[in-house]
Amino acid sequence: MASVNKVILIGNLGRDPETRYTTGGDAVTNIRIATTDTWKDKAGEKQEKTEWHSVVFFGRQAEIAGEYLKKGRQIYVEGRLQTRKWQDKEGQDRYTTEIVADRMQMLGSRQGAGDAGAREAKEPAAAGEDKAAKKSAGKFDDMEDDIPF
């Protein structure tokens, strides 16, 4: 029987990335992403629940994440769930469940999340993609009246 282990998140970074290097020189970057669900309860009051997700990047993607991501930045991540077993200082077994990312996309900026002008200078392809996405989104909105159902 086939199985699937796939995670897709869109959320905001809770703190700046932490990058370290293995003894072999490979980069490993850890981030924490917050996703928030909002709804109205039976009384009509707005409710909110935030979940925190641990995400790890490896290799070149870890270097990119460590360099460009900042606290508060919105990010799209795809990956898989993985649970690791490790021992704390007292020798107790501990378990950590995290998302091992295989795809990342930086989304719209937030205030305090870095200089947008510097981002465009360093990431010309990403800036162009953002403009194309906005343009295509506008076309889709314009077609709304033409939908027959």
Side-chain angles (χ1 to χ4, degrees), residues 2-90 92-141 144:
S3 63
V4 176
N5 181 357
K6 182 79 167 180
V7 177
I8 299 174
L9 295 174
I10 296 177
N12 296 86
L13 269 69
R15 62 178 180 232
D16 286 343
E18 297 173 4
T19 302
R20 61 189 192 289
Y21 292 86
T22 65
T23 54
D26 294 324
V28 179
T29 298
N30 293 85
I31 62 171
R32 298 274 292 160
I33 297 178
T35 57
T36 304
D37 190 21
T38 58
W39 71 94
K40 287 189 179 181
D41 62 14
K42 292 180 181 178
E45 297 292 321
K46 182 179 175 182
Q47 299 294 317
E48 203 173 83
K49 181 171 177 25
T50 300
E51 291 287 335
W52 287 94
H53 312 275
S54 296
V55 180
V56 63
F57 297 97
F58 293 99
R60 180 67 182 132
Q61 198 168 41
E63 293 171 356
I64 292 167
E67 184 176 346
Y68 291 105
L69 296 180
K70 299 289 179 222
K71 178 180 178 179
R73 182 79 189 253
Q74 190 176 42
I75 183 174
Y76 168 92
V77 172
E78 283 184 29
R80 60 185 167 81
L81 277 180
Q82 176 177 289
T83 301
R84 290 185 295 117
K85 180 180 175 181
W86 54 282
Q87 289 187 344
D88 63 13
K89 292 178 183 175
E90 290 79 37
Q92 298 292 320
D93 286 346
R94 301 286 182 185
Y95 296 89
T96 300
T97 300
E98 60 198 358
I99 297 151
V100 178
D102 54 31
R103 185 162 186 258
M104 175 208 33
Q105 178 70 45
M106 292 173 274
L107 302 176
S109 64
R110 286 177 55 116
Q111 288 181 341
D115 180 17
R119 181 181 140 231
E120 288 180 18
K122 293 179 183 176
E123 301 173 73
E129 290 171 5
D130 288 346
K131 290 175 186 173
K134 287 178 184 174
K135 187 179 263 186
S136 65
K139 288 181 181 177
F140 181 76
D141 290 341
E144 194 171 70

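We number each residue from 1, following the sequence as shown.
When the side-chain contact (heavy atoms from CB on, under 4.5 Å) test is applied to Lys89, no partner is found at least two apart in sequence or on another chain. Scanning for salt bridge (charged side-chain N to carboxylate O under 4.0 Å, His left out) contacts around Asp88 gives Arg94, with sequence neighbours left out. Asp37 pairs by the salt bridge (charged side-chain N to carboxylate O under 4.0 Å, His left out) definition with nothing, not counting sequence neighbours. Considering only residues two or more places apart in sequence or on other chains, Arg15 meets the salt bridge (charged side-chain N to carboxylate O under 4.0 Å, His left out) condition with Glu18. Legend: residues meeting side-chain contact (heavy atoms from CB on, under 4.5 Å) with Glu63, ordered by chain and number and at least two apart, are Tyr21, Ala27, Arg60. Partners of Asp16 according to the side-chain contact (heavy atoms from CB on, under 4.5 Å) rule, which considers only residues two or more places apart in sequence or in another chain, are Lys70, Lys71.
Around the NZ atom of Lys46, the shell of radius 6.0 Å holds no more than 12 heavy atoms that belong to other residues, nucleotides or ligands.
In this structure, the side chains of Thr36 and Lys49 stay at 4.5 Å or more apart for every pair of heavy atoms. Considering only heavy atoms from C-beta on, Ile75 stays 4.5 Å or farther from Val55 through its side chain.
Here the shortest heavy-atom pairing between Ile31 and Pro17 reads CG2-CB, 3.7 Å. Heavy-atom minimum distance, Trp52 versus Arg32: CB-NH2, 3.1 Å.
From Gln74, atom CD reaches atom CD of Gln105 across 11.0 Å, with rounding to the nearest 0.5 Å. Distance check, rounded to the nearest 0.5 Å: CG of Asn12 to CD1 of Ile33 gives 9.0 Å. Within the model, atoms CE of Met106 and OH of Tyr76 stand 14.5 Å from one another, a figure rounded to the nearest 0.5 Å. Considering OG1 of Thr29 and CZ of Phe57, their distance stands at 8.0 Å, rounded to 0.5 Å. The CD atom of Glu45 lies 13.0 Å from the CH2 atom of Trp39; values are rounded to the nearest 0.5 Å. Note that OG1 of Thr19 and CD1 of Ile64 are 11.5 Å apart. Values are rounded to the nearest 0.5 Å.
A donor-acceptor contact closer than 3.5 angstrom links the side chains of Gln82 and Arg80.
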- Task: Please report the C-alpha distance between Asp26 and Phe58 in whole Å, then the side-chain angles of each, then the deciding distance to 0.1 Å, and finally whether the side-chain contact (heavy atoms from CB on, under 4.5 Å) criterion is met.
- Result: CA-CA 7 Å; Asp26 294 324; Phe58 293 99; over 6 Å; no
- Item | side-chain contact (heavy atoms from CB on, under 4.5 Å) assessment of Val77 paired with His53 | CA-CA 11 Å; Val77 172; His53 312 275; over 6 Å; no
- Task: Apply the test side-chain contact (heavy atoms from CB on, under 4.5 Å) to residues Ile99 and Leu81: give CA-CA distance (whole Å), side-chain angles for both, the deciding distance (0.1 Å), then the verdict.
- Result: CA-CA 5 Å; Ile99 297 151; Leu81 277 180; 3.9 Å; yes
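Panel note: side chain Asn30, backbone Val56; no donor-acceptor pair is recorded below 3.5 Å.
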